[in-house]
Amino acid sequence: MKPTRFIVAFLAFMVVQLVATQVWAKEDAKPNFVFIAIDDMNDWVGYMGGHSQTSTPNLDELASQGTAFMNAHSVAPGCSPSRNALLYGVEPYNSGLYPFYDHDIHKSLSQKYTSLPRFLKENGYETYGAGKIHHGPQYGEQEWSEYFVSDNVAKRFAEGKGFTDGNSKKSSFRPVTNPLEEMTDHQVASYGIEVIQREHQKPYFVAIGLVKPHLPFDCPVEFYDALPEKIESPEILASDLNDIGREANSMRRAGDDKKFSGNNKWEEVRRNYLACISWVDYNVGRIIDAVESGPEADNTVVILWSDHGYHMGEKKTFRKFTLWEEASRVPFIIDDRRFSQKGTGKPVEQAVTLINVYRTIAELAELDAPEYVDGVSLVPQLRDPNAPVSIPAISSWGRGNYTVRTEDWRYIRYFDGAEELYDHRQDSNEWHNLASSEDHQDTLMELAALLPEQEAPTVEEFLAYWSIYGADKKRLKAAAEAAKENGTAKDKEDKKKAKKAARKNARKQAAQNT
């Protein structure tokens, strides 16, 4: 063979091998993850049926394509404990992280646990983040290859629409006239879209934290104006609270309910909440469109979740922080686009909590999760919606306060021994507590047996004392008062300044990382 022909043949062979290698690598590639975290969204979503006037076409379409967990629940009804459980993979009764904590706690948690983004980064993934993922600014390179921090643009409110009581920045229920591009969630979604559309040399995990519908309920005015003139109230029973105990009552934000009821503001509160949900749905649609048109469309898993639910007047309460259905049930969708097709999604009716997210992602990435991680993989349910989930769906709010949810029942036991039992086949509003009914004692005992037999002591470092409930409430609040009187508690204003400085430093660090 002449040298020239040999070279040509050799080059042709190498091209074939290169193409074959690329094809093999593509087929054997680990999936990418688009991880969409939503703040404070309850079941007022179209496919979940929580409110008849909601408009969520993009969430509904995602649910119709992927696996929608119709009976999904938060691990805890508050941002801090919920996100700590999901991202570090540990139940509160095993970690001791029952209430809220100052943001500095993540430094010590990172020494004890491996967070989900860090776990993926240490196993070959490029990890990108934006918006609210952890509770508190966590932008360090230990977890993230890049982290985007949005610009804070002053809001311009629509005249004559909504209201504010002026007590705090959060007490605002007003649409804004800013261009969409100036809004935080739009900026965060745009960064996620840019990451999705890149050409990546490694598998990637992009966490996109949308902060709405968290307070304040301020969003672009066009979503506010698109709602009907009359906003329907959820079903509310006047005597609903007659059969609950002291601890359950203490969890309610009764002051908010009285304020909104007395000033006839509930309808406006609900209008702005629904508008914020539509605004979130708009940004979810933008992200999903980017996935579908991106270079890795057929090798991407979309995971969407909300950190907990929200009361909008049910049981005469506002916000979260209870163990009832409204504060517990959340949107949770997994769309493994390697297998799914439009309109072929199958819902899972079994009760699950978000503690299962860590192990599910680990299995999808063909990785072994750390041994300490709680929960189970939900990959079997992605393949067969009727595959049994092997662990109960347990939520907690304060040490000693637990609820377990099944397909048909909710059981609650408080630290003081008070109990509640609701039959969701006949009482989806949880109006009638059956715990004292002789006819339901077998069911009550069966569900009570699923609750944890042991519980970790509450972690007291960096504790936010306002959020303490359960067995430690009296002791820890007394200790906080004593510390304050002795001058060892931080001055409130100094604490605010310290937090502001920490956020400023975190933003600088994030800018340097990117």
Side-chain angles (χ1 to χ4, degrees), residues 41-51 59-60 63-64 66-77 82 85-86 91 93 234-235 303-306 308-310 314-315 322-334 345-357 359-360 374-397 401-413 419-435 437 439-452:
M41 183 181 284
N42 65 10
D43 63 1
W44 287 18
V45 179
Y47 78 92
M48 299 181 77
H51 197 288
L59 285 164
D60 299 345
S64 73
T67 300
F69 291 85
M70 302 298 292
N71 198 357
H73 299 270
S74 173
V75 181
S82 170
L86 188 156
E91 292 274 12
Y93 55 81
E235 294 183 314
I303 300 178
L304 180 144
W305 54 279
S306 170
H308 47 73
Y310 216 85
E314 307 93 340
K315 294 189 180 294
T322 77
L323 292 175
W324 294 312
E325 186 82 354
E326 289 82 7
S328 172
R329 190 179 180 215
V330 295
F332 178 34
I333 305 169
I334 301 178
K346 295 181 180 180
V348 173
E349 301 293 343
Q350 299 172 78
V352 299
T353 72
L354 299 179
I355 198 63
N356 302 307
V357 168
R359 285 197 175 274
T360 301
D374 290 323
V376 296
S377 170
L378 298 176
V379 169
Q381 287 69 40
L382 302 184
R383 307 294 179 253
D384 176 6
N386 296 314
V389 179
S390 60
I391 63 171
I394 297 173
S395 305
S396 62
W397 182 229
N401 295 334
Y402 301 102
T403 180
V404 60
R405 186 68 160 84
T406 67
E407 190 166 337
D408 297 327
W409 296 88
R410 175 180 296 280
Y411 168 72
I412 305 173
R413 186 176 69 199
E419 296 175 299
E420 297 173 32
L421 179 67
Y422 301 103
D423 183 352
H424 271 258
R425 296 168 300 182
Q426 305 177 40
D427 182 21
S428 60
N429 292 307
E430 298 182 348
W431 285 342
H432 307 292
N433 180 8
L434 303 175
S437 168
D439 294 336
H440 297 92
Q441 291 307 298
D442 288 345
T443 299
L444 185 147
M445 293 175 64
E446 179 182 338
L447 296 175
L450 298 176
L451 296 182

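Residues take their numbers from the sequence shown, with the count starting at 1.
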Report yes if some heavy atom in the side chain of [X] is under 4.5 Å from a heavy atom in the side chain of [Y]; otherwise report no.
X	Y	answer
Leu59	Pro331	no
Glu446	Thr406	no
Thr443	Tyr411	no
Ile412	Tyr402	no
Arg329	Met70	yes
Val330	Phe69	no
Phe332	Ile303	yes

Acceptor/donor pairs from residues 347-355 side chains to any protein atom, 3.5 angstrom cut, sequence neighbours excluded:
| unit_1 | atom_1 | unit_2 | atom_2 | d |
| --- | --- | --- | --- | --- |
| Gln350 | OE1 | Val389 | N | 2.9 |
| Gln350 | NE2 | Pro385 | O | 3.3 |
| Gln350 | NE2 | Ala387 | O | 2.7 |
| Thr353 | OG1 | Ile355 | N | 3.4 |

Could you state the interatomic distance from [atom1] ([X]) to [atom2] ([Y]), rounded to the nearest 0.5 Å?
X	Y	atom1	atom2	answer
Asp43	Asn71	CG	CG	11.0 Å
Asp374	Glu91	CG	CD	5.5 Å
Asn356	Leu86	CG	CG	9.5 Å
Ser437	His432	OG	NE2	12.5 Å
Trp324	Thr403	CH2	OG1	11.0 Å
Ile333	Ser306	CD1	OG	11.5 Å

Minimum heavy-atom distance [X]-[Y], with the two atoms named:
X	Y	result
Arg405	Trp409	CD-O, 3.3 Å
Asn42	Tyr310	ND2-O, 3.1 Å
Val75	Ala85	CG1-CB, 3.7 Å
Ala435	Leu421	N-CB, 3.8 Å
Glu325	Glu430	N-OE1, 3.1 Å
Gly375	Arg359	O-CD, 3.2 Å

So with a 6.0 Å cut-off around CG of Asp442, is the heavy-atom count from everything else above 12?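 No, the 6.0 Å shell around CG holds no more than 12 heavy atoms from other groups.
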Is [X] reaching over with its side chain to a backbone N or O of [Y], donor-acceptor style, under 3.5 angstrom?
X	Y	value
Asp427	Trp431	yes
Thr360	Leu378	yes
Glu420	Arg413	no

Under 30°, 30 to 60°, or over 60°: which ring-plane class applies to Trp44 and His51, parallel, tilted or perpendicular?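 Judged by the thresholds at 30° and 60°, the geometry between Trp44 and His51 is tilted.
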Within the 6.0 Å centroid threshold, strictly below: Trp397 and His308: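 No, too far apart.
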Report the C-alpha separation of Glu326 and Lys315 in whole Å, then their side-chain angles, then the decisive distance to 0.1 Å, and conclude whether the salt bridge (Lys or Arg N to Asp or Glu O under 4.0 Å) test is met. CA-CA 9 Å; Glu326 289 82 7; Lys315 294 189 180 294; 6.0 Å; no
Step by step, work out the side chain to side chain contact (heavy atoms under 4.5 Å, CB included) result for Met41 and Met48. CA-CA 12 Å; Met41 183 181 284; Met48 299 181 77; over 6 Å; no
Please determine whether side chain to side chain contact (heavy atoms under 4.5 Å, CB included) holds for the pair Leu450 and Ile391, giving the CA-CA distance in whole Å, both sets of side-chain angles, and the decisive distance to 0.1 Å. CA-CA 9 Å; Leu450 298 176; Ile391 63 171; over 6 Å; no
